[in-house]
Amino acid sequence: MVRPFDVQAIETKWQDRWLHEGTYEVDNDDPRERYYALCMYPYPSGAAHQGHIRNYTFGDLIVRYQTMRGKAVLSPFGFDSFGLPAENAAIKAGSHPRIFTEARMAELRRSVERLGAVYDWRRLVVSHDPDYIKYSQTIFLAFLEAGLAYRAEAPVNWCPGCATVLANEQVLADGTCERSGDLVQRRNLEQWFFRITAYADELLHDLDALAWPERVKAMQRNWIGRSEGVEFDLTFAHDANRAIRVFTTRPDTGYGITYAVVAPEHPLLAALTTDAQRSEVEALVERATSASEIERTSSSDSGPGLSKRGAFTGSYVVNPFTGDPVPVYVADYVLGNYGTGAIMAVPGEDERDFAFARTYQLPVVATVERPPGFGDGAYVGDGAHINSGFLDGLGVADAKKAASAFLVERAHGVATVNYRLRDWLVSRQRFWGCPIPIVYCDHCGIVAVPLDELPVLAPDDVIMESSGQSPLATHAAFRDTTCPRCGEPARRETDTMDTFTDSSWYFLRYADPFTDGRPFDPEQVAKWMPVDQYIGGIEHAILHLLYARFYVKALVDIGLADGVNREPFARLFTQGMIRLDGSKMSKSKGNLISPERYFDRVGADALRVFHLFVGPPADNVDWTDQTEDVIDGCARFLDRVHRLATDAALVHRPDDPSVDVPLRRVVHHTIDRVTSDIDRWSFNTAVAALMELLNATAKWAREYGVAREVLNEAIDTLLKLLAPMAPHLSAELWEIRHPGEPSVHAQPWPTSDPHLTTEQLAVMVVQVNGKVRARLEVSPTIDDDDARDLALADPTIRTWIGDGEPTRVVVRAPRLVNVIV
RNA sequence: GCCCGGAUGGCGGAAUCGGCAGACGCGGAGGCCUCAAAAGCCUUUACUCGAGAGGGUGUGUGGGUUCAAGUCCCACUCCGGGCACCA
């Protein structure tokens, strides 16, 4: 595209100026009202892709807009620089992950600078920086001391082909390894956990007050999965002193218990299993525990209502409601790590139990009356209880209360709340992550590395080829140490932390990156938190956003973040994805349309305007054959702005209110539209409003000529409103028009004159039987009677009414009159 | 299966509180400028009947509420996303 100005020269000039003049650096003692704008810090994967560009375009618009609104805007940048891709690349090339990572960080930084996005680079935070590692480890040890970090044996995903432990994300839906294709196994290993479940209730409740997309909140609620019910005992039929403890949310269906099920991991399974059933039970347990949890719970032949695998233990327990003995089964549809790991089974009112009962020919008893026409199967709806003794006739809610009271009294029942949420497993058997600062001593046990010895850094000469354990475990000089407590030989922890731990507090460090000796100064951080606007991808709806919420609450509680808001992100915006041919545009799919090409061809401003204009920010963008044309259209819009702002030949003439006032109205109306559009994240209509302002100004100037002041007001307003969207061109044109004055980005955001935004004339629509038949110009303050008279007097309306009298006239002055005949 | 979104011209989308459907842009058509082209500018562009004035139809489908429905209610179809044995 041929442009009427030198795009590259202008964009480079302003990028240099913003960087070197520190225009968007902000200090912690800034007296202005504070605003914290934050884009999720990126994994450095090289030059920016269109998703980054979209993210940072939105973020930069907010930063520049809020700055013009007079606020001190915190706009930091950093890198989530630990992670597996760099480690894999290093293994492949026989190099070090740091080398890859830092090269890619430089590329990504270059991209965001070419975009014209502005940051306070002094506050740069990088996960693999020894300083950041030090405080990540400080926080880990503080969690340990507070009882929020603990060590326990847990099943992990083990890939025999890769001879390593995998993250859940690396295991495909069919239970195979994404790299080798081998079936992933479960292995029990000692792992570190964070006690996020201690915060389950608060994490759930605090969601209500957050200005987040409902969809994201719903996903988090779902993930936390709170359910209320009762725990009680099912006594062994052959030994009244022993019992299986079960959890249910449907105590009301207790008369329908026809069997019970324990998980394959259940501690009482061996005691329940009779000699006759032992081989069958052991076969089932072997099969269930060798599969990964993912394979066990989400393979294609599993799910509610589908076939179930199980085995009879040979034992019976007593239904506390009926006193009848019911058989105990072991089945893999009951999970060992939820509730009590055992259930009462009510096939009449539970789909899973029904499917199991079908397979093993167990009796089904209906305890809730079915609606008419209900066929075969489990009924989970409401209704009157039947076959249920003292519960008969009660609805589900009432029966639950009565049945709970019964269980409390007769079966050691306790009202209980269970959560789907599990504690956060943070150990990773990888090299490129933050080392866990722990030493294991034969005498002292688990010993924290003293704070003054932090950070614990991984040595550089580690062979990363995986041999089935953490790469650091093969490095004797790192692994073998002495106990900080007793001085005897000891062994270091060789696992690293999940990289989600790094992204759980980086935004706190941004607010005070200069403090030494502790992660941050709570007083400084409290002034900035919570983040006013957080912007990122929907893919982080659960994990990152839940972990970060947990971290902040925990840090406040253990005293590291005194006075900091317990919720980190007051407002969240999740942008749509960029898609090509229907699938997500990503490096791994190899279907990237590089932004660099557009920087070169039309410039950053045009690409930014495109991303703002193409559709609602929350929607996905389909990159099509037409997209290039739309980008050119955005460049054309900027060209027209340039021409209008620099055209000395525009016609001027003396003041003439009849022409000047209508244009001024458009200008002031546009101020209101753009302001409210930005506030409600409707950037596409904000750009449209500016296009309309441009069109109107050009047309007025061309067709009528406009007084110089009015033209100047229109153009200057356009530049100010455009400044957050197309910052380079706006700054350049402003400088040409106002040499020596402060930049357009230092100008206050324009405000509208109410006299010019209240309408002088309203167009009143007159309908006959709901169809528009006339439009009349009326005073905006016209009353209903006058509006009605005016409408009925209109000749066109009279012909439509004909001879008859209107049966009804609906008047909504000054907008509309509807005549019914 | 459950939960959450969504469906508007040839295309992306607009319509913020139930009151003019289609803002703005892309694409198309015609024109101006030019030796010619590019660029730029102007006009036009939901569908349909009509020479025109003007009329009719129209927001996934079928019902409903209302003077009035893209917008509210009920039922359904299709598309996208999330969760999926959590008792």
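Residue numbers begin at 1 in each chain, while the letters A, B, ... track the order of the sequences. Basis for what follows: all heavy atoms, side chains included, without hydrogens, waters or symmetry-related copies.
With B:U16, B:C41, B:G80 as the choices, the nucleotide that has an atom nearest any side-chain atom of A:R702 turns out to be B:C41. Across B:C85, B:G13, B:A87, the shortest atom-to-atom separation from the side chain of A:D619 is found for B:G13. Minimum atom distance to the side chain of A:R420 is reached by B:C83, of the listed B:G55, B:C83, B:A87. Side-chain atoms of A:D350 lie closest to B:A87 of the nucleotides B:G56, B:G13, B:A87. For A:R643, taking side-chain heavy atoms from C-beta onward, the closest of the listed nucleotides B:C41, B:G55, B:U43 is B:C41.
Across every strand in view, B:U65 sits unpaired, with no contact that passes the Watson-Crick or G-U test at under 3.5 angstrom. A 3.5 Å limit on both hydrogen-bonding distances identifies no Watson-Crick or G-U partner for B:G52. For B:A84, there is no paired nucleotide, since no Watson-Crick or G-U wobble pair has both relevant distances below 3.5 Å. B:U71 is unpaired under the Watson-Crick or G-U wobble criterion, no partner having all donor-acceptor distances under 3.5 Å. Of the nucleotides present, B:C26 is the one that pairs with B:G10 by Watson-Crick or G-U wobble criteria, both distances under 3.5 Å. Judged by Watson-Crick or G-U wobble contacts below 3.5 Å, the nucleotide B:G5 has B:C79 as its partner. Shown here, B:C33 forms no base pair; nothing in the strands shown gives a Watson-Crick or G-U wobble contact with both key distances under 3.5 Å.
Distance check, rounded to the nearest 0.5 Å: NE2 of A:H611 to CD of A:Q575 gives 9.5 Å.
The P atoms of B:G70 and B:A15 are separated by 16 Å, rounded to the nearest whole Å. B:G30 and B:C79: their C1' atoms are spaced 38 Å apart (whole Å). Taking atom P on both nucleotides, B:A23 is separated from B:U44 by 12 Å, rounded to a whole Å. Comparing the same atom, C1', in B:A14 and in B:U8 gives a spacing of 10 Å after rounding to whole Å. Going from the P atom of B:G13 to that of B:A21 covers 23 Å, rounded to whole Å. To the nearest whole angstrom, the two C1' atoms, one in B:G12 and one in B:U34, are 34 Å apart. Taking atom C1' in both B:G5 and B:G54, one finds a spacing of 43 Å when rounded to whole Å. Comparing the P positions of B:G81 and B:C76 gives an interatomic distance of 23 Å, to the nearest angstrom.
For A:T807, no side-chain nitrogen or oxygen approaches OP1 or OP2 of B:C67 to under 4.0 Å. The phosphate of B:A87 (OP1 or OP2) has a side-chain N or O of A:Y338 nearer than 4.0 angstrom.
Within the structure, salt bridge (Lys or Arg N to Asp or Glu O under 4.0 Å) pairs that include any residue of residues 683-694 of chain A comprise A:R673-A:E692 (at least two apart or interchain).
Taking the side-chain contact (heavy atoms from CB on, under 4.5 Å) definition, one finds that A:R788 meets it with A:L792, A:V809, A:V811, sequence neighbours left out. Take A:F613 and apply the ring-ring contact (aromatic ring centres under 6.0 Å, His included) test, not counting sequence neighbours, and it matches no residue. Contacts of A:F354 classified as ring-ring contact (aromatic ring centres under 6.0 Å, His included), with partners at least two apart in sequence or in another chain: none. The salt bridge (charged side-chain N to carboxylate O under 4.0 Å, His left out) check on A:D605 picks up nothing, with sequence neighbours excluded. Take A:F193 and apply the ring-ring contact (aromatic ring centres under 6.0 Å, His included) test, not counting sequence neighbours, and it matches A:Y150. Residues forming a ring-ring contact (aromatic ring centres under 6.0 Å, His included) with A:H642 (at least two apart in sequence, or on another chain): A:F5.
If A:T624 and A:D677 are placed on RNA chain B by their nearest nucleotide, the residue sitting closer to the 5' end is A:T624. Across the interface with RNA chain B, nearest-nucleotide mapping of A:A218 and A:L421 shows A:A218 to be the residue nearer the 5′ end.
Residue A:K217 is classed as having no contact, given no heavy-atom separation below 4.0 Å to the nucleic acid. Contacts of A:P4 with the nucleic acid, taken as non-hydrogen atoms under 4.0 Å apart, are absent. When heavy atoms are screened at a 4.0 angstrom cut-off, A:R226 is found touching no nucleic acid atom at all.
Counting only distance, with no hydrogens or angles, the side chain of A:S682 and the backbone of A:I678 share no donor-acceptor pair below 3.5 Å. Not one N or O on the side chain of A:N684 forms a donor-acceptor pair closer than 3.5 Å with the backbone of A:L612.
A ring-ring contact (aromatic ring centres under 6.0 Å, His included) with A:F610 holds for exactly one of A:Y598, A:F683, A:W623, A:F637; it is A:W623.
To the nearest angstrom, P of B:G82 lies 10 Å from CG of A:N620.
Contacts between residues 339-349 of chain A and RNA chain B, defined by a heavy-atom separation below 4.0 Å, involve A:I343, listed by number.
The environment of NE2 in A:H669 is sparse: at most 12 heavy-atom neighbours from other residues, nucleotides or ligands sit within 6.0 Å.
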Readout for nucleotides 19-25 of chain B: B = base within 4.0 Å of protein heavy atom, S = sugar-phosphate only, - = neither; 5' to 3' it is BB--BBS

